[in-house]
Amino acid sequence: MAAYAELDDRDRRSFFVMLRDDFGVSAEAIEQAYAAWARDRSATAEAALFEVVEPRRQELLRRLNSATGGTARLVRMRADLLTAIGADPSLAAVDVDFAHLFRSWFNRGFLAMRRIDWTSSAALLELIMNYETVHPMTGWADLRRRMEPADHRLYAFFHPATGKEPLIFVEVALTDHVPGTIAEVLTAPVPDRPVPADTAVFYSINNTLAGLRRVNFGNFLIKQVVADLSAELLELHTFVTLSPAPGFAAWLAGSAEPRDRELVDRLGADWVNDPGLVDDLRPAVEAAAARYFVTARDHRGRPVDPVARFHLGNGAAVWRTNWPADRAPGALRRAYGLMVNYRYEPDHIEANHEAYVRDGVIAHHPDIAAQLTREREER
């Protein structure tokens, strides 16, 4: 591990090539083990087959994990690997083994959720400020506003192997309504008394360590926060997100539909500073957004929006589209300022999750279903 830390980018790539080529499986051993299993299909033959189909690099990674600080070092190693895959996609075979092991080493049983507030260590608060990428913070005052005890909360998952480094964190606003713009959350006045909140709004979720990409903690974190808030604040009965739609502009630009091409042209105008034009455009944007979240699919048959895949896979429903909801330059570029509320209803989370995973069904609000029906009828 010490030797690896001294390698430059070129030699790290050579190391990953070695893992790919020299620490894989033996085709001959697999053929023999499979033939033995095919003859009698016994539990013993099955176990022998499982043993030989596991690449040798998995055992190497387990041994490296036993070094001092091994888990955290392997997380950094995987971050290097993901960078190397960008130049050499064949190294993705090595990442399969990293991801497989990390899903076990970072499973929910090892994670501890903690609330982070203004009394947390300065080092931790600085990490949170640096890791926030959904709605970047402008300084310490902005950070403090996002964890004021009256109407904002911030929770994070930690793992024993990464010490004081959070793996993922979520920012929550407590409100008396479902917000339709991010300004309502980020720039609301500081209340001088407890807020009579009935709604918890998850408005920013951030993974922190590049080496844990695609190791999903967010579903566990949201469900844990819902459970804790429900137990603490009995008046809360609505749990929603206010989420970005990072692929909307690209999807709309790539559509072959004449109505979508026309909408792209109209959105090229300076509508941001023209309330009248915003009102004119809103029906067309909301109609396109309904299709984007509910019916649009990628080449693998999944919802095209990555944030949608995350929340729908966790059992949420598409609840309401909001436009324009975020006027930050990046949000305008990626989604023309579109945002969406996903709703987590504790009594329906499991059913929504099963329907989505099993049949690809996207749970959505009746208003969105009505919007889709009107569009079909008009066509």
Side-chain angles (χ1 to χ4, degrees), residues 1 61-62 64-79 98-135 137 143-144 146-174 200-234 236 239 241 243 310-311 313-316 342 344 346 349-350 353:
M1 294 298 282
L61 295 177
R62 291 190 190 98
L64 293 176
N65 190 48
S66 66
T68 301
T71 306
R73 292 164 128 183
L74 286 172
V75 169
R76 292 193 292 271
M77 183 185 291
R78 183 176 184 241
F98 273 89
H100 172 74
L101 293 172
F102 282 6
R103 280 192 290 269
S104 297
W105 298 347
F106 289 90
N107 74 57
R108 176 64 184 90
F110 295 118
L111 304 180
M113 188 182 82
R114 285 166 37 198
R115 181 179 171 187
I116 300 173
D117 59 27
W118 196 242
T119 66
S120 300
S121 73
L124 176 56
L125 295 179
E126 189 167 12
L127 284 175
I128 293 296
M129 192 158 50
N130 291 335
Y131 282 136
E132 168 58 80
T133 58
V134 181
H135 303 293
M137 299 181 189
L143 171 64
R144 183 169 190 172
R146 299 196 196 189
M147 53 182 62
E148 289 285 348
D151 65 339
H152 280 64
R153 304 285 180 90
L154 198 154
Y155 299 90
F157 266 155
F158 294 82
H159 188 281
T162 57
K164 298 179 181 179
E165 188 99 348
L167 306 183
I168 185 173
F169 62 91
V170 60
E171 297 167 57
V172 187
L174 304 177
V201 185
F202 303 91
Y203 64 91
S204 183
I205 302 174
N206 292 270
N207 291 290
T208 62
L209 302 179
L212 292 177
R213 193 185 308 165
R214 295 191 296 275
V215 180
N216 192 356
F217 310 112
N219 56 342
F220 299 119
L221 181 59
I222 289 176
K223 291 174 183 177
Q224 185 67 58
V225 172
V226 168
D228 283 20
L229 286 175
S230 298
E232 178 188 350
L233 304 172
L234 300 182
L236 287 181
F239 299 90
T241 75
S243 300
F310 171 78
H311 288 295
N314 292 343
Y342 298 99
Y344 284 85
I349 286 176
E350 291 306 322
H353 166 78

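In this chain, residues are counted from 1 in sequence order. The model shown is predicted, which means the values in this text are computed figures rather than measured ones.
In plain terms, the two heavy atoms of A79 and A210 that are nearest each other are CB-CB, 4.1 Å. Residues V134 and I205 approach most closely at CG2-O, 3.6 Å, considering heavy atoms. Between P166 and I128 the shortest heavy-atom distance is CG-CD1, 4.2 Å. Pairing each heavy atom of L236 with each of A200, the nearest pair is CD2-N, 4.1 Å. G70 and M1 get closest at one heavy-atom pair: O-CE, 4.2 Å. Between S243 and Y342 the shortest heavy-atom distance is OG-CD1, 3.5 Å.
Take N107 and apply the side chain to side chain donor-acceptor pair (under 3.5 Å) test, not counting sequence neighbours, and it matches no residue.
Here salt bridge (charged side-chain N to carboxylate O under 4.0 Å, His left out) pairs that include residues 146-171, with residues two or more places apart or in two chains, are E132-R146, D142-R146, R144-E148, R145-D151, R146-E171, R153-E232. The side chain to side chain donor-acceptor pair (under 3.5 Å) analysis of residues 67-79, with sequence neighbours excluded, yields the pairs N65-T71, R78-D95.
Ring-plane geometry between F106 and F217 is classed as perpendicular, the angle between the planes exceeding 60 degrees on a 0 to 90 degree scale with a lower cut at 30. Classification of the F98-F102 ring pair by plane angle, with boundaries at 30° and 60°, yields perpendicular. Using cut-offs of 30° and 60° for the angle between ring planes, the H311 and Y344 rings count as perpendicular.
Atoms CG and CE, from L64 and M77 in turn, are 5.5 Å apart once rounded to the nearest 0.5 Å. Here the CG-OH distance, from N207 to Y131, works out to 11.0 Å after rounding to the nearest 0.5 Å. A distance of 9.5 Å separates CG of L125 from CE of M137, quoted to the nearest 0.5 Å. Remark: F220 CZ to F157 CZ distance equals 8.0 Å, nearest 0.5 Å. Remark: H100 NE2 to S104 OG distance equals 5.5 Å, nearest 0.5 Å.
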- Task: Please step through side-chain contact (heavy atoms from CB on, under 4.5 Å) for the pair F310 and N216, ending with a clear verdict.
- Result: CA-CA 9 Å; F310 171 78; N216 192 356; 3.5 Å; yes

- Given the rule in the side-chain contact (heavy atoms from CB on, under 4.5 Å) test, do V226 and F202 qualify, once you have shown the distances and angles that lead to the verdict? CA-CA 10 Å; V226 168; F202 303 91; 3.7 Å; yes

- Query: Could you walk me through whether L212 and V75 pass the side-chain contact (heavy atoms from CB on, under 4.5 Å) check?
  - Reply: CA-CA 6 Å; L212 292 177; V75 169; 3.9 Å; yes

- Assess whether side-chain contact (heavy atoms from CB on, under 4.5 Å) is satisfied between V170 and L154, documenting all intermediate values. CA-CA 6 Å; V170 60; L154 198 154; over 6 Å; no

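Although no hydrogens or angles enter the test, the distance criterion places no donor-acceptor pair under 3.5 Å between the side chain of S120 and the main chain of I116. Proximity of a side-chain donor or acceptor of H353 to a complementary backbone N or O of G313 within less than 3.5 Å is detected. Distance alone, capped at 3.5 Å, places no donor-acceptor pair between the N314 side chain and the A316 backbone. Side chain of T208 to backbone of L167: a donor-acceptor contact under 3.5 angstrom is found.
Between the side chains of D228 and Q224, a donor-acceptor pair is found at a separation under 3.5 Å. With 3.5 Å as the limit, one finds a donor-acceptor pair spanning the side chains of N206 and S204.
Side-chain contact between V225 and M113 is present, with heavy atoms from C-beta onward closer than 4.5 Å.
The side-chain tip of R114 points at the ring of F158 from less than 6.0 angstrom away and within 45° of straight on.
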